[in-house]
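All remarks here apply to the structure that follows.
The chain is numbered in sequence order, starting from 1. Scope of the values below: all heavy atoms of this structure, side chains included, with no hydrogens, waters or symmetry mates.
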Amino acid sequence: MTILYIDPGTGSMLFSLFIGIAATAAFAIRAVVLKLKMLVNRGRRAKIDNSNLGIVIYSDSKRYWNVFKPICDEFERREKKAIYWTQSKDDPALKENYKYVKAAFIGEKNKGIARMNFLNADLCLSTTPELDVLQWKRSKLCECYVHVPHTVDDLSGYRMFGLDFYDAVLTTGRNQNNFIRKIESLRPNTSKKELCVVGSPNLDAMKERADKSVREKKQNEKKTVLVAPSWGKSGILSRYGEEFISALKKTKFNIIIRPHPQTVVSEQKILKPLMEKFNDIEWNYDNDNFEVLNKADVLITDFSGIIFDFSLVFDKPLIYADTHFDSGSYDASWLKEQMWSLRTLPKIGFQLRQEDFENLESVINNSLNSKKLSEGRDEIRAECWEHAGESAKRIVDYLISKQKSLTEA
């Protein structure tokens, strides 16, 4: 009797090959289904998109309205026309009483993507990365695609090739310009994008709100600690979970935990048991994070983009957990140096290691009284958030100027 033996190394390789083939087949099937849907809807699309829409703003989720609202408000203030397309049927934009900005729900998931793939416009502004990578394709009827980031970090945390097929990026500061140019130099087939530093519309709007709503603490009121982790296996809740929250409960502070939106969608097996065990802690899911950020005195996170909202806008300290970020599927994996956001953390926050859980209250108190962290926030603010208070004006200036150059060419 002959027994077929496969050594562990070969077995592992074959297994990886099988997974790769399966994944490729799955994407191929999804692509065929999407094309069939586009063919079925061709007649209806012709009626909808038979005229040029000019400037189109595209949002794949209502959670990016904090980026787009200042821009839409600026178009409205100038009495300039723009189209706002969203894939969220409850996007706040749909309730705005705009006269010049026309908002419309274009459908969720593939239905909305199919609409975008045949967009007829001069240019499209979006926060959504991975244009022309997976389902969302460049339309032959749209000449220019412009990316506006929803974060002030250097964008190396985008999935691989996230910005490669955009024509322009409206950056928040020189840190993003530096990263984009490095990636372009490492990928010779990537065209050089037009970069324009405009600042951050969402941070500008948040800062304006913060200045108008200074919250007075009552005498002897407890300080509030906000826990706002990212999602995935490297996030705080995934890696430390019950042990970390138990340590927090032993401190004298009020605790609020705000899970990442994607945790709610794809990590219920982790989230639900924690919520049931710690049901006496406040769990926050507000679409608008302003109130919870304004209320908190210190933030504990990992590598979430909320780091910069909290530190730079509200000028408050943070504590970042000692978690490992796997850059394998991100643009950061192309770089030899550490990600900008990770290099930045020691300047604006204190690191929290697992062995520090027993002394968590002391770590929090030290961060609240640190002059070093205050100086670090000033340094980083100047690097990643330029033209504070001017971003919406600069973005609309750019879009109108770009449209003019495209139509007159």
Roughly how far, to the nearest 0.5 Å, is the [atom2] atom of [Y] from the [atom1] atom of [X]?
X      : Y      : atom1 : atom2 : answer
Leu293 : Asp286 : CG    : CG    : 10.0 Å
Leu237 : Ile257 : CG    : CD1   : 6.5 Å
Thr172 : Leu203 : OG1   : CG    : 7.5 Å
Thr151 : Asn202 : OG1   : CG    : 8.0 Å
Ile245 : Ile255 : CD1   : CD1   : 10.0 Å
Arg159 : Leu163 : CZ    : CG    : 14.0 Å

Criterion side chain to side chain contact (heavy atoms under 4.5 Å, CB included) on Ile319 and Leu299, from CA distance to verdict: CA-CA 6 Å; Ile319 297 169; Leu299 170 69; over 6 Å; no
Lys/Arg-Asp/Glu bridge criterion (N-O < 4.0 Å) met for [X], [Y]:
X      : Y      : result
Lys207 : Asp204 : no
Arg381 : Asp315 : yes
Glu375 : Lys372 : no
Glu361 : Lys250 : no
Asp280 : Lys249 : yes
Lys102 : Glu96  : no
Arg174 : Glu383 : no

Close side-chain approach of [X] and [Y], heavy atoms under 4.5 Å:
X      : Y      : value
Phe118 : Leu141 : no
Tyr58  : Gln87  : yes
Phe165 : Ser191 : no
Val225 : Ile256 : no
Leu53  : Leu119 : yes
His147 : Tyr166 : yes
Met206 : Asp309 : yes
Glu143 : Leu123 : no

Above 12 or not: heavy atoms from other molecules or residues under 6.0 Å from CD of Glu208? no
Glu358 CD: over 12 foreign heavy atoms closer than 6.0 Å: no
If every non-hydrogen atom of [X] is compared with every non-hydrogen atom of [Y], which pair is closest and at what distance?
X      : Y      : answer
Ser311 : Ile348 : OG-CD1, 4.1 Å
Leu274 : Gly241 : CD2-C, 4.0 Å
Ile236 : Ala321 : CG1-CB, 3.7 Å
Lys89  : Glu108 : CE-OE2, 4.0 Å
Val152 : Asn175 : O-ND2, 2.9 Å
Ser88  : Phe105 : C-CD1, 3.7 Å

Atom pairs and distances, donor-acceptor, side-chain atoms in residues 74-84, under 3.5 Å, two or more places apart:
from, atom 1, to, atom 2, distance (Å)
Glu74, OE1, Arg77, NE, 3.2
Glu74, OE2, Arg77, NH2, 2.7
Glu74, OE2, Arg78, NE, 2.8
Glu74, OE2, Arg78, NH2, 3.2
Glu76, OE1, Lys99, N, 3.4
Glu76, OE1, Tyr100, N, 2.9
Glu76, OE1, Val101, N, 3.2
Glu76, OE2, Lys99, N, 2.5
Glu76, OE2, Tyr100, N, 3.3
Arg78, NH1, Asp397, OD1, 2.8
Arg78, NH2, Lys393, O, 3.1
Arg78, NH2, Asp397, OD1, 2.8
Tyr84, OH, Asp91, OD2, 2.9

Taking atom types as modelled, is there a side-chain donor on [X] or [Y] under 3.5 Å from an acceptor on the other?
X      : Y      : answer
Tyr398 : Glu194 : yes
Thr128 : Asp60  : yes
Asp164 : Thr190 : yes
Asp122 : Gln403 : yes
Glu130 : Gln135 : no
Gln176 : Trp340 : no

Distance to the ring centre below 6.0 angstrom and angle to the axis at most 45 degrees; does that hold for Arg115 and Trp85? yes
Below 6.0 angstrom between ring centroids: does that apply to [X] and [Y]?
X      : Y      : value
Trp334 : Phe179 : no
Tyr330 : Tyr158 : no
Phe314 : Phe290 : yes
Tyr285 : His260 : no

Which is it for Ser139 and Asn117 under the side-chain hydrogen bond (donor to acceptor under 3.5 Å, both in side chains) test, yes or no, and what are the steps along the way? CA-CA 5 Å; Ser139 169; Asn117 288 351; over 6 Å; no
Mind running salt bridge (charged side-chain N to carboxylate O under 4.0 Å, His left out) on Lys182 and Asp154 for me, showing each step along the way? CA-CA 11 Å; Lys182 284 179 184 177; Asp154 69 347; over 6 Å; no
What verdict does the side chain to side chain contact (heavy atoms under 4.5 Å, CB included) test give for Glu291 and Lys295, after you've listed the backbone C-alpha separation in whole Å, the side-chain angles of each residue and the deciding distance to 0.1 Å? CA-CA 6 Å; Glu291 291 300 335; Lys295 181 179 180 180; over 6 Å; no
Apply salt bridge (charged side-chain N to carboxylate O under 4.0 Å, His left out) to Asp167 and Lys402, showing your working. CA-CA 11 Å; Asp167 301 293; Lys402 174 59 69 173; over 6 Å; no
For residues 62-72, dump all side-chain donor-acceptor pairs below 3.5 Å to protein atoms at least two apart in sequence or in another chain.
from, atom 1, to, atom 2, distance (Å)
Lys62, NZ, Asp90, OD2, 2.7
Lys69, NZ, Asp73, OD2, 2.8

Any chance you could lay out the side chain to side chain contact (heavy atoms under 4.5 Å, CB included) test for Cys384 and Leu312, step after step, and finish with the verdict? CA-CA 10 Å; Cys384 69; Leu312 306 185; 3.5 Å; yes
Quick one: do Thr224 and Glu282 satisfy side chain to side chain contact (heavy atoms under 4.5 Å, CB included)? Show the steps, please. CA-CA 11 Å; Thr224 296; Glu282 180 181 345; over 6 Å; no
